[in-house]
Amino acid sequence: MNSFLKVPLTATCLVATWLAVKVSAQIPAALVARDGAVIATFHAEGAQIYQCKPDSEKYPSEPRALAWQFREPVATLIVDGKSIGWHSAGPNWNHTDGSGAKGKVASTAPGATANDIAWLKLDIIEHRGSGVLSEAATIERINTKGGMAQGACETAGAYLSVPYSADYVFRRNNS
């Protein structure tokens, strides 16, 4: 091969390798092992709901401080600006085609900032109906923004609604 062609080809390979490493570094290690083809990706806009309760970490014989404890998500699932479903306690995802799925957390990775809820990989433990979600085996919650409770809670039983957004990626099994 001509030596003049080797230099640009080598430089191109180095840049491509650097970009691949940089992109993979942006995906948390807990979520890297991705199996199965993507069935659907939905953007979610909503809130993480917290309730002010006694901190369960303290010993029962000591007075327990109040702390914000996660209660449930409430979000609209969106594709191309159109509402196509909702996300709620369970955790559950429901599509307007009648299909639904319930998940169980398999792994977590921290959000980008202290204000962002964690990225998750969830295994589906229940399906409902037939439709787009009926073939899903896993769900990934990625690209989270917001959703973390901040500040002290002073009144037991009080609620706090913290806006958040995320992308949910639904995957089927490879088999």
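These numbers come from the heavy atoms of this one structure, side chains and all, not from hydrogens, waters or symmetry mates.
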Original post:
For the atom pair CG (N94) and NE2 (H87), what is the distance rounded to the nearest 0.5 Å?
Top reply: 10.5 Å

Original post:
Any side-chain heavy atom of H95 within less than 4.5 Å of one from F42?
Top reply: yes

Original post:
So which pairs with a foot in residues 72-81 pass side chain to side chain donor-acceptor pair (under 3.5 Å), sequence neighbours left out?
Top reply: none

Original post:
Partners of Q69 by side chain to side chain donor-acceptor pair (under 3.5 Å), sequence neighbours excluded?
Top reply: none

**OP:** Please name all residues satisfying side chain to side chain contact (heavy atoms under 4.5 Å, CB included) with S161, sequence neighbours left out, ordered by chain then number.
**Re:** A47, I49

**OP:** Tell me, please, which residues at least two apart from A156 pass side chain to side chain contact (heavy atoms under 4.5 Å, CB included).
**Re:** L66

Original post:
From T138 OG1 over to I124 CD1, what is the distance, rounded to the nearest 0.5 angstrom?
Top reply: 7.0 Å

Original post:
What pairs meet the salt bridge (Lys or Arg N to Asp or Glu O under 4.0 Å) rule with one or both residues in residues 122-135, with sequence neighbours excluded?
Top reply: E126-R128, E135-R172

Subject >> For S99, side chain to side chain donor-acceptor pair (under 3.5 Å) partners two or more places apart >> reply: D97

Original post:
Once you round to the nearest 0.5 Å, how far does CZ of R71 lie from NZ of K53?
Top reply: 7.0 Å

**OP:** Mind jotting down which residue pairs meet the disulfide (SG to SG under 2.5 Å) criterion with at least one end in residues 130-166? Sequence neighbours excluded, please.
**Re:** C52-C153

Original post:
Residues in side chain to side chain contact (heavy atoms under 4.5 Å, CB included) with A137, at least two apart?
Top reply: N173

Original post:
What residue pairs, at least two apart or across chains, pass side chain to side chain donor-acceptor pair (under 3.5 Å) with a residue in residues 38-47?
Top reply: H43-E45, H43-D167

**OP:** List in chain and number order the residues that pass side chain to side chain contact (heavy atoms under 4.5 Å, CB included) with T113, two or more places apart in sequence or in another chain; answer none if no residue qualifies.
**Re:** N115, D116

Subject >> Non-neighbouring partners of Y164 that pass side chain to side chain donor-acceptor pair (under 3.5 Å), sequence neighbours left out >> reply: Y168

**OP:** Please name all residues satisfying ring pair (Phe, Tyr, Trp, His ring centres under 6.0 Å) with Y50, sequence neighbours left out, ordered by chain then number.
**Re:** F70

Original post:
So, does W68 use its side chain to make a donor-acceptor pair with the main chain of G151 at under 3.5 Å?
Top reply: yes

**OP:** Give, for atom CH2 of W119 and atom CG of N143, the distance between the pair rounded to the nearest 0.5 Å.
**Re:** 4.5 Å

Original post:
What distance separates I39 CD1 from L133 CG, expressed to the nearest 0.5 Å?
Top reply: 8.0 Å

Original post:
CD of E140 to CG of L122: how many Å apart, nearest 0.5 Å?
Top reply: 9.5 Å

